[in-house]
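What you see is a predicted model; the values in this text were computed from it and never measured. Here is the naming used below: chain letters follow the sequence lines, and residue numbers restart at 1 for every chain.
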Amino acid sequence: MSNITSLDTASEPTHQLQNLNDVQQLFDRILQTNKLFTNRDLLRSTYIPETLPHREKEITDLASILSPAMNLEAPSNVLLFGKPGVGKTAVVKLVGGELQKHGKALGKPIHILYINAQITDSLYKILTSIGQQLTSDSVGSISSSGLPVDVILARIISGIDTQKQVIIIVLDEIDRIKDDAALYTLTRINEGLNLARVSIIGISNDLKFTEFLDPRVKSSLGEESMIFCPYDAEQLQDILRDRIKTALKPNVIDEDVIPLCAALSAQEHGDARRALDLLRVSVELAERKNERIVAAKHVRLAQSKIEKDRIAEVVRNLPAQQRLLLHAIRMLQRYYEHAGKQSIMTTGEIYDRYTELSKKVHYATLTQRRIGDFIAELDTLGILSARVVSMGRRGKTRQIQMTVSSAELEHILKEDEFTEELGQFKMKNQTKLL
DNA sequence: CCTCCACCGGAACGTGAGGAGT
DNA sequence: ACTCCTCACGTTCCGGTGGAGG
């Protein structure tokens with residue numbers, strides 16, 4: 001989700017490709033116009049470089065915390081805190097990779113398991129993920145469902161405990177794990193082991209996440225903790241400069257591009273991921289226009305493109321009911337825009353439109369309770385903003401505003417299955433809205 | 001100061017899919 | 001064939017609430 005792949009408008013050939021020859025010519029043409037990058041992937045935020053500027057201290061700190069693993073002793077559990085894009089994951093992957101490499105060279109079995117707890121958010125899923133990641137080495141195969149949790153746990157324990165080894169479980173977005181018992185079980189896993197040792201590295205965006213934990217879990221997980229500060233604009237510039245040395249050809253960017261990318265991202269809590277995406281997309285845009293130099297205007301374009309692409313991508317992958325809800329919002333929004341009013345909607349209004357639309361397309365009409373949850377979800381996805389307000393006698397509700405205009409929303413929804421069917425559909429009871 | 005609207009949001013529960021063991 | 005497991009997705013029920021208007 002973090003990556004906006006951008007092959008879409010790169011080549012919109014106006015003619016049909018007739019045969020292989022044409023295809024080859026197309027590739028040749030793209031190669032020729034590919035003048036700015038030497039290696040595009042180095043500007044992706046998922047790429048882990050060998051050096052992380054301004055994270056030297058964090059790297060050595062984490063390395064020393066994990067160093068007992070080299071003697072096959074369990075390192076302390078660690079919690080890493082910091083806003084998105086400040087290098088938490090990168091530092092862990094870098095240090096973890098080195099550790100594994102050194103361990104291998106010395107014949108010490110050290111495993112780093114990376115688990116994204118945003119997706120893998122229950123004990124059951126975490127355990128099966130551990131099982132699957134270890135399958136290739138020591139544990140027998142473990143399937144994705146069907147067994148009771150304790151059976152899976154027992155299998156993993158017996159699978160792991162066949163030799164002296166250290167297993168470090170990285171739980172990214174650990175604050176997303178709702179189930180307290182899951183963390184409790186994980187922190188106590190060592191108690192069932194004789195030979196192997198397990199440590200946990202938790203990564204969290206939320207500094208306050210430990211406040212609500214069981215005290216035993218809290219003290220166990222937080223044996224060590226590290227806080228990652230946001231990068232400032234200067235540091236972001238260093239990071240970008242470091243990357244472009246190998247990612248881009250020399251002298252292809254204006255001198256104000258890097259400071260601009262850095263400044264724009266520094267405004268958003270110093271997010272290096274954002275800065276890299278911004279730079280990469282800027283270069284892509286310049287390249288497509290066959291320009292030799294990336295300039296500030298490309299950065300501005302890139303900024304809005306990234307946001308639009310992100311929203312479009314999210315919307316496309318939404319389940320049908322949620323897209324239907326967006327259609328309802330779109331209609332209301334358009335209505336408000338035509339009336340020249342600010343399009344701030346309430347849950348009730350939206351629910352009424354949604355009810356009409358769902359009947360029209362013969363879909364089940366979900367309850368308002370459920371739709372309320374959808375609205376909250378769309379809010380966290382950043383495609384609308386909803387805040388709870390009280391309107392006195394007129395009750396308490398969410399005020400909802402789209403982050404894109406109705407025209408853009410319409411454009412994004414254009415290709416989905418509802419658009420045609422709803423084409424001429426008019427809202428009932430429009431007066432009710434006034 | 002009190003009321004009362006129009007929802008919010010937690011909790012418990014139901015159903016059905018996908019899979020495992022016996 | 002049957003039982004038992006988890007998860008995803010929804011519903012039902014219901015207590016809670018900020019503040020404009022009486």
message: Measuring to OP1 and OP2 of dT11(C), would you say a side-chain N or O of T367(A) lies under 4.0 angstrom away?
response: yes
statement: Distance col, row E98(A):CD vs E50(A):CD, nearest 0.5 angstrom, shows 8.5 Å
task: Round to a whole Å and report the spacing from CD of Q399(A) to C1' of dG19(C).
output: 13 Å
task: Could you tell me the separation between the CD1 atom of I350(A) and the P atom of dC7(B), rounded to a whole number of Å?
output: 10 Å
d(OH, Y351(A); P, dG10(C)) in whole Å: 12 Å
message: I'd like to know if E356(A) pairs up with R353(A) as an ion pair, taking the criterion as any Lys NZ or Arg NE/NH1/NH2 lying under 4.0 Å from an Asp or Glu carboxylate oxygen.
response: yes
- request: Decide yes or no, distance alone: a donor-acceptor N/O pair under 3.5 angstrom between the base of dG10(C) and the side-chain of R369(A).
  value: no
message: Salt bridge check, E410(A) against R334(A): does any charged N sit closer than 4.0 Å to a carboxylate O?
response: yes
Pull out every protein N or O sitting under 3.5 Å from an N or O of nucleotides 2-6 of chain B, one pair per line with the distance.
{"residue": "dT3(B)", "atom": "O2", "partner": "R393(A)", "partner atom": "NE", "Å": "3.4"}
{"residue": "dT3(B)", "atom": "O2", "partner": "R393(A)", "partner atom": "NH2", "Å": "2.5"}
{"residue": "dC5(B)", "atom": "O4'", "partner": "R393(A)", "partner atom": "O", "Å": "2.9"}
{"residue": "dC5(B)", "atom": "O2", "partner": "G392(A)", "partner atom": "O", "Å": "3.0"}
{"residue": "dC5(B)", "atom": "O2", "partner": "G395(A)", "partner atom": "N", "Å": "2.9"}
{"residue": "dA6(B)", "atom": "N3", "partner": "K396(A)", "partner atom": "N", "Å": "3.1"}

- request: Report the distance from atom CG of L147(A) to atom P of dT6(C), rounded to the nearest whole Å.
  value: 10 Å
- prompt: Cation over ring, R330(A) on Y335(A), under 6.0 Å and within 45°?
  reply: no
field: Under-4.0 Å side-chain N/O to phosphate OP1/OP2 contact, S390(A) with dA20(C)
entry: no
- request: Could you work out which one of dC8(B), dT11(C), dC7(C) sits closest to the side chain of R370(A)?
  value: dT11(C)
- request: May I have the distance from L153(A) (atom CG) to dC5(C) (atom C1'), rounded to whole angstrom?
  value: 15 Å
- prompt: Tell me: CD of Q321(A) to P of dC9(C), nearest whole Å?
  reply: 12 Å
message: Just N and O in the side chain of K125(A): are any of them under 4.0 Å from OP1 or OP2 of dC5(C)?
response: no
query: Does the side chain of E349(A) pick up a donor-acceptor pair with the side chain of Y336(A) at under 3.5 Å?
result: yes
task: Keeping to residues at least two apart or across chains, list the ring-ring contact (aromatic ring centres under 6.0 Å, His included) pairs with something in residues 359-413 of chain A.
output: Y363(A)-F418(A)
- line: Applying salt bridge (Lys or Arg N to Asp or Glu O under 4.0 Å) to K297(A) and not counting sequence neighbours gives E291(A)
query: So which of residues 181-189 of chain A are in contact with DNA chain C, with a heavy-atom cut-off of under 4.0 Å?
result: none
statement: D121(A) atom CG is separated from dC7(C) atom P, nearest whole Å, by 8 Å
message: Within the 4.0 Å heavy-atom criterion, would you say V151(A) contacts the bases, only the backbone, or no part of the nucleic acid?
response: nothing
- request: Please confirm whether K93(A) makes a cation-pi placement over Y114(A), using NZ or CZ under 6.0 Å from the six-membered ring centre and within 45° of the ring normal.
  value: yes
Give the table of side-chain donor-acceptor pairs shorter than 3.5 Å for residues 184-195 of chain A, with sequence neighbours excluded, one pair per line with atom names and distance.
{"residue": "Y184(A)", "atom": "OH", "partner": "R188(A)", "partner atom": "NH1", "Å": "2.4"}
{"residue": "Y184(A)", "atom": "OH", "partner": "R216(A)", "partner atom": "NH1", "Å": "3.2"}
{"residue": "T185(A)", "atom": "OG1", "partner": "A181(A)", "partner atom": "O", "Å": "2.9"}
{"residue": "T187(A)", "atom": "OG1", "partner": "L183(A)", "partner atom": "O", "Å": "3.1"}
{"residue": "T187(A)", "atom": "OG1", "partner": "Y184(A)", "partner atom": "O", "Å": "2.8"}
{"residue": "R188(A)", "atom": "NE", "partner": "E191(A)", "partner atom": "OE1", "Å": "3.4"}
{"residue": "R188(A)", "atom": "NH2", "partner": "E191(A)", "partner atom": "OE1", "Å": "2.9"}
{"residue": "N190(A)", "atom": "OD1", "partner": "V198(A)", "partner atom": "N", "Å": "2.7"}
{"residue": "N190(A)", "atom": "ND2", "partner": "V198(A)", "partner atom": "O", "Å": "2.8"}

field: N/O (side chain, R155(A)) to phosphate O (OP1/OP2, dG21(B)) under 4.0 Å
entry: yes
Result block: side-chain N/O donor-acceptor pairs under 3.5 angstrom for residues 67-77 of chain A, not counting sequence neighbours:
{"residue": "S67(A)", "atom": "OG", "partner": "S64(A)", "partner atom": "O", "Å": "2.7"}
{"residue": "N77(A)", "atom": "OD1", "partner": "I200(A)", "partner atom": "N", "Å": "2.8"}
{"residue": "N77(A)", "atom": "ND2", "partner": "S220(A)", "partner atom": "O", "Å": "3.2"}

field: Atom-pair distance (CG on L127(A); P on dA20(B)), nearest Å
entry: 16 Å
